[in-house]
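Notes for the one structure printed next.
Residue numbers start from 1 in every chain, and the chains themselves are labelled A, B, ... in the order their sequence lines are given, proteins ahead of strands. Just so it is clear, the model here is predicted, and its values are computed rather than measured.
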Amino acid sequence: MVENRPLLKLFTHAVLILGVLFLCFPVWMSLVASTHGPGALSKSPIPLWFGDQAWENYSQLIFGGMSEAGGVPVGMMMLNSLIMALGITIGKIAVSILAAYAIVYFRFPFRMGFFWMIFVTLMLPVEVRILPTFDVVTKLGLLNSYGGLIVPLIASATATFLFRQFFLTVPDELVEAARIDRAGPMRFFWDILLPLSRTNIAALFIILFIYGWNQYLWPLLVTTDESLYTVVMGIQRMVNSGEQLPVWHYIMGTAMLALIPPVIVVVAMQNLFVKGLVESEK
Amino acid sequence: MQKRVIFKARGLPYLLVLPQIAITVIFFFWPSWQALESSFFIEDAFGFSREWVGWQNYRELFNDPGYLRSFRSTLIFGLSVAALAMSLALGLAVAANRVLRATQGYRTLLIWPYAVAPALAGVIWYFLMNPSLGIVAYWLKGIGVEWNHYVNGDQALLLVIVAAAWKQISYNFLFFLAGLQSIPKSLIEAAAIDRAGPVRRFWSITFPLLSPTTFFLLVVNLVYAFFDTFSLIHATTEGGPSDSTSILVFRVYNTGFIGQDYGGSAAQSVILMALVIVMTVVQFRYVERKVNY
């Protein structure tokens, strides 16, 4: 701070507290709603403080398998989300670190061609070309399988770029030393490059885990088998359940369960997350 | 671009890029090509036969008032989300940058919504604004606003704008904060010695120096609003009431999966792809050049 202005300081804190309240309030309300029974949520205004149904609601949600959610326990949907998120994360990191290694450390025909092929996929989200991608997955017989949920989302230009950027900063002397010691390219990759990339991999892991966990449209299309539903996509079936009125205390409970894992990851690994986010986008 | 010292191997590099390239070709180039191709055909609903129609799918799109309305609502939606999320985030970042010791604490409290899926953000706001029992709708009624997004299209659009912006604030906040922290303290101090007050310092030093960050975020926010918010809309308003929240990316899905109009959906895909490519190019040209004064 350059100068001392008590009023400005007060104002600054007021702005920040208002911001925090604005961001926290919606989640607070849904957390509160998820602890009430249907009675409290049938008339306006709804309560602003917790009810006593938390245990019943959540145990019913996680293990119960209610008709509103298509008969699938939310615990199972969360397990599916976890498998999908981890699959996408690990797959993306593995595939793109190898590609970046080839592009940076080797010289071969079509190297730049491959680089551009990866580059053009950069900002094209799956939503845009959803119908033909769905067709392709159908032709390959990947509907209703973990493979269909995971593999099409694995290609990632962002991760490849991040690794390429990082490899370019690794000193050349390391390669020279490795070659003098007669280490082959794969030996160099395993014993030197991979350990050096640990921080980058960890930071990327957080970003990609959130990306994978929060997938929506893709699981919606690829899975018709209820045992493969993921939680972020499953909630939509409860909201738009057609003729019945939405059961808000269950919906909000599911929303809480769906947002807690990624939020914990972000908050617990905050510094790594910030590093990963800011670097992967620049 | 490449290392001075490299390894020599013949087959190995191809083996290393193979997984990435294979996935890209199968799940990216092949579908994109199919979208391009089928945008020139009309297919019957069962996929038994199709007929070459040239540009007809595109012509029909641009003669369809519904599609043009989608363009309009997409633009309103995208610009409002970007403006709302960026201005709030900038204010918070400037404030967080001023409070020296508490920055870290506030940061923790402000970044977590990044992890909330857009679909969940939508559902939560949908609940808060629910006309019959949402708390925000109740408060609005208290100040004389009849809120009902099931009937009122403008209110439905406002609902998805607020939900989408709410989720995006944390992301913008982090980038603005990083931008602010990279501005040399000496510049601010020099201006303070010249008796420029905090407001003056912000507008003549901080804000211009932030312009690369601002521009970068503008593109990212527009891309987010145009494409990543599909789930938010699908989980809540489903494009309604009467098409008022059916933005372009939602329409691609609706035309293809609900309307079963393959050619029309493919033509929309192609248009959206072109839009993304243009935005990516703009991003790279200008971000590289660093918008600055």
Pairwise distance [atom1]([X]) to [atom2]([Y]) - rounded to 0.5 angstrom:
X         : Y         : atom1 : atom2 : result
His234(B) : Phe230(B) : NE2   : CZ    : 5.0 Å
Ile188(B) : Phe202(B) : CD1   : CZ    : 10.0 Å
Phe226(B) : Leu248(B) : CZ    : CG    : 8.0 Å
Arg111(A) : Ile103(A) : CZ    : CD1   : 7.5 Å
Tyr211(A) : Ile88(A)  : OH    : CD1   : 6.0 Å

Closest-packed option against chain A by number of heavy-atom pairs under 4.5 Å, given [options]:
options                                    : result
Pro198(B), Gly91(B), Pro19(B), Ala119(B)   : Pro198(B)
Ser269(B), Ala89(B), Ala95(B), Pro13(B)    : Pro13(B)
Ile271(B), Leu174(B), Leu177(B)            : Leu174(B)
Thr236(B), Thr24(B), Val17(B)              : Val17(B)
Val270(B), Leu275(B), Ile111(B), Asp228(B) : Ile111(B)
Leu109(B), Leu92(B), Val249(B), Val252(B)  : Leu92(B)

task: Would you kindly say whether Thr230(A) and Gln215(A) are connected by a side-chain donor-acceptor distance under 3.5 Å?
output: no
message: Checking Gln268(B) against Arg251(B): is there a side-chain donor and acceptor pair closer than 3.5 Å?
response: no
- prompt: Does the gap between the ring centers of Tyr171(B) and Tyr224(B) come in under 6.0 Å?
  reply: no
message: Are Phe273(A) and Tyr114(B) an aromatic pair, judged by ring center distance below 6.0 Å?
response: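 Centroid distance Tyr114(B)-Phe273(A): below 6.0 Å, so yes.
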Pick whichever of [options] has the most heavy-atom pairs under 4.5 Å with chain B.
options                                   : value
Thr160(A), Leu221(A), Ile17(A)            : Leu221(A)
Val136(A), Leu220(A), Val170(A)           : Val136(A)
Ile260(A), Ile97(A), Val263(A), Leu153(A) : Val263(A)
Trp213(A), Phe11(A), Phe188(A)            : Phe188(A)
Leu23(A), Leu98(A), Thr12(A), Leu259(A)   : Leu23(A)
Met117(A), Lys92(A), Met233(A), Met186(A) : Met117(A)

Please flag which part of [X] lies under 4.5 Å from any non-hydrogen atom of chain A: side chain, backbone, both or neither.
X         : answer
Leu110(B) : both
Ile169(B) : side chain
Trp139(B) : side chain
Asn97(B)  : neither
Ser265(B) : side chain
Pro113(B) : side chain
Ile124(B) : both
Phe29(B)  : side chain
Val116(B) : both
Trp166(B) : both
Val94(B)  : neither
Phe127(B) : both
Val136(B) : side chain
Ile26(B)  : both

- request: Please confirm whether the backbone N or O of Val231(A) pairs with a side-chain atom of Ser81(A), one donor and one acceptor, at under 3.5 Å?
  value: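 Yes.
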message: If the condition is side-chain contact (heavy atoms from CB on, under 4.5 Å), which residues does Leu84(B) pass it with, not counting sequence neighbours?
response: Leu88(B), Ile161(B), Ala165(B)
Using 30° and 60° as the class boundaries, would you call the ring planes of [X] and [Y] parallel, tilted or perpendicular?
X         : Y         : value
Tyr105(A) : Tyr101(A) : tilted
Tyr106(B) : His13(A)  : tilted
Phe175(B) : Phe216(B) : tilted

Using heavy-atom distances under 4.5 Å, tell me whether [X] contacts chain B through its side chain, its backbone, both, or neither.
X         : answer
Val151(A) : both
Leu142(A) : side chain
Leu16(A)  : both
Pro261(A) : neither
Ile251(A) : side chain
Phe134(A) : side chain
Ala159(A) : neither

- prompt: Do the side chains of Val223(B) and Val276(B) get nearer than 4.5 Å, heavy atoms only?
  reply: no
query: Is atom CZ of Phe25(A) surrounded by more than 12 heavy atoms (other residues, nucleotides or ligands) closer than 6.0 Å?
result: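 Yes, the 6.0 Å shell around CZ holds more than 12 heavy atoms from other groups.
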message: If I compare all heavy atoms of Gln104(B) with all of Asn271(A), which pair ends up nearest, and what's the gap?
response: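 Looking at all heavy atoms of both residues, the shortest contact is NE2-OD1, 3.6 Å.
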